[in-house]
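A short worksheet on the structure shown next.
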Amino acid sequence: MTIDYGDRARLGLLVPSGNSVAEPEIHAMLPAGVTALVTRLALTGSSVAELEAMLEALEPAARLLADARPGLIGFHCTAVSTFAPERAGSIRARIEAAAGLPACSTADGILAALALLRVRRLVLVTPYIEPVHAREVAWLAAHRIEVAGGSCLGVNTNGEMARIPPEAIATQARDAVRAAPGAEACFVSCTAIRSAGLIAGLEAELGLPVITSNQVMAWHALRQLGIPQAVPGYGWLMAS
């Protein structure tokens with residue numbers, strides 16, 4: 001038996017405590033020799049108070065991950081890192097100051113992916129309650145990304161999000177793209193939904209790039225770690 005200890009690179013991740021999906025999806029999208037080491041921050045629901053509270057233990061959690069000497073620490077929660085235009089920069093700075101290591105966030109990966117794909121107009125599909133979805137639309141607009149259409153499912157907790165059938169997510173994405181001609185990409189947002197396995201099929205069907213929160217974190221982290229390796233099976237972004 002061969003055990004992958006991450007001898008090429010180790011990625012530290014800070015994920016919501018209620019998230020059971022991000023780890024298996026990201027592990028699946030990392031090439032051999034790269035591993036993810038994970039610490040949790042308290043978050044199970046989607047209220048403003050809960051989203052803000054996730055950052056209260058940011059520094060202690062970052063220091064715990066730093067003990068394992070990853071090459072990068074990624075704060076991996078879409079709703080928190082896109083809460084406001086300046087939020088991702090603040091999170092990154094706090095982690096780097098506490099851990100003494102480079103950091104990134106889901107929001108950083110989203111913007112980097114959209115820049116690479118040259119996307120300025122997209123559809124946004126999320127499982128979120130409406131206020132969270134609306135904040136993400138506003139965050140994208142602040143970065144000059146137009147949301148041409150999309151929808152949210154009104155789901156509040158990480159546990160409920162993980163139970164959404166992947167085919168329901170695929171249908172949501174198809175409907176959004178068909179209702180927004182001229183969209184340049186489809187963003188299936190949220191780290192807690194089972195979306196990685198849908199990417200390649202949706203791209204082939206819809207004829208445009210599909211990005212997801214877990215995919216952009218894996219892709220962006222690999223490039224930050226100096227491993228720009230294509231990982232087939234997870235869409236155009238991961239194959240680039």
Side-chain angles (χ1 to χ4, degrees), residues 11 25-26 28-31 72 74-79 81-89 91-92 102-126 128 133-152 169-170 172-191 193 195-240:
L11 165 65
E25 289 203 347
I26 287 177
M29 290 185 275
L30 296 178
L72 175 74
F75 177 87
H76 194 39
C77 177
T78 315
S81 64
T82 65
F83 191 92
E86 72 284 354
R87 182 58 55 87
I91 290 170
R92 189 169 58 248
C104 69
S105 72
T106 319
D108 298 322
I110 294 165
L111 294 178
L114 294 176
L116 178 79
L117 296 169
R118 298 184 179 180
V119 170
R120 286 295 174 186
R121 190 171 190 266
L122 54 70
V123 295
L124 176 67
V125 295
T126 77
Y128 301 138
H133 185 91
R135 277 195 296 272
E136 191 162 342
V137 171
W139 176 83
L140 287 162
H143 292 281
R144 300 191 182 95
I145 307 296
E146 177 189 354
V147 176
S151 62
C152 57
I169 299 167
Q172 184 188 12
R174 290 187 197 103
D175 291 346
V177 170
R178 289 168 182 161
E184 298 165 338
C186 176
F187 177 22
V188 181
S189 177
C190 183
T191 66
I193 56 173
S195 56
L198 302 172
I199 299 168
L202 282 173
E203 287 186 338
E205 179 183 346
L206 300 173
L208 46 70
V210 174
I211 67 169
T212 76
S213 293
N214 290 328
Q215 175 213 43
V216 298
M217 174 55 82
W219 170 81
H220 186 60
L222 286 171
R223 277 139 191 82
Q224 295 295 105
L225 290 166
I227 304 177
Q229 180 174 334
V231 179
Y234 298 100
W236 296 339
L237 182 67
M238 292 297 290
S240 64

Which heavy atom of [X] sits nearest to which heavy atom of [Y], and what is that distance?
X      : Y      : result
Thr106 : His76  : OG1-ND1, 3.0 Å
Ala239 : Ala230 : O-CB, 3.6 Å
Ser195 : Val188 : CB-CG1, 4.0 Å
Cys186 : Val125 : SG-CG2, 4.3 Å
Cys77  : Thr191 : CA-CG2, 4.3 Å
Thr82  : Ala107 : CG2-CB, 4.0 Å

Identify, with sequence neighbours excluded, every residue that meets side chain to side chain donor-acceptor pair (under 3.5 Å) alongside [X].
X      : result
Gln215 : none
Ser240 : none
Arg135 : none

Please identify each residue that fulfils salt bridge (Lys or Arg N to Asp or Glu O under 4.0 Å) with Arg87, with sequence neighbours left out.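 Applying salt bridge (Lys or Arg N to Asp or Glu O under 4.0 Å) to Arg87 gives Glu52.
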
Does a side-chain N-to-carboxylate-O contact under 4.0 Å join Glu146 and Arg121?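 Yes.
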
Determine whether a donor-acceptor pair (N or O, by modelled atom type, separation under 3.5 Å) exists between the side chain of Asp175 and the backbone of Gln172.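 No, the answer is negative, given that no donor and acceptor are paired below the 3.5 Å cut-off.
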
Please check if the side chain of Glu25 supplies one atom and the backbone of Ala196 the other of a donor-acceptor pair under 3.5 Å. yes

Going by atom type alone, with no hydrogens or angles, which donor-acceptor pairs under 3.5 Å involve a side-chain atom of residues 110-120 and a protein atom two or more places apart or on another chain?
unit_1, atom_1, unit_2, atom_2, d
Arg120, NH1, His143, O, 3.2
Arg120, NH1, Arg144, O, 3.1

Find the distance between [atom1] ([X]) and [atom2] ([Y]) and round it off to the nearest 0.5 Å.
X      : Y      : atom1 : atom2 : answer
Met217 : Leu222 : CE    : CG    : 11.0 Å
Leu11  : His220 : CG    : NE2   : 10.5 Å
Trp236 : Leu208 : CH2   : CG    : 6.5 Å
Ser151 : His133 : OG    : NE2   : 6.5 Å
Trp139 : Ile145 : CH2   : CD1   : 8.0 Å
Leu72  : Cys104 : CG    : SG    : 4.5 Å

I need the full list of salt bridge (charged side-chain N to carboxylate O under 4.0 Å, His left out) pairs touching residues 196-216, with sequence neighbours left out, sorted by first then second residue. Arg174-Glu205, Arg178-Glu205

pair [X]-[Y]: side-chain heavy atoms closer than 4.5 Å:
X      : Y      : result
Leu140 : Leu122 : yes
Thr78  : Tyr128 : yes
Pro209 : Leu237 : no

Is it true that the side chains of Thr126 and Glu136 contain a donor and an acceptor less than 3.5 Å apart? no

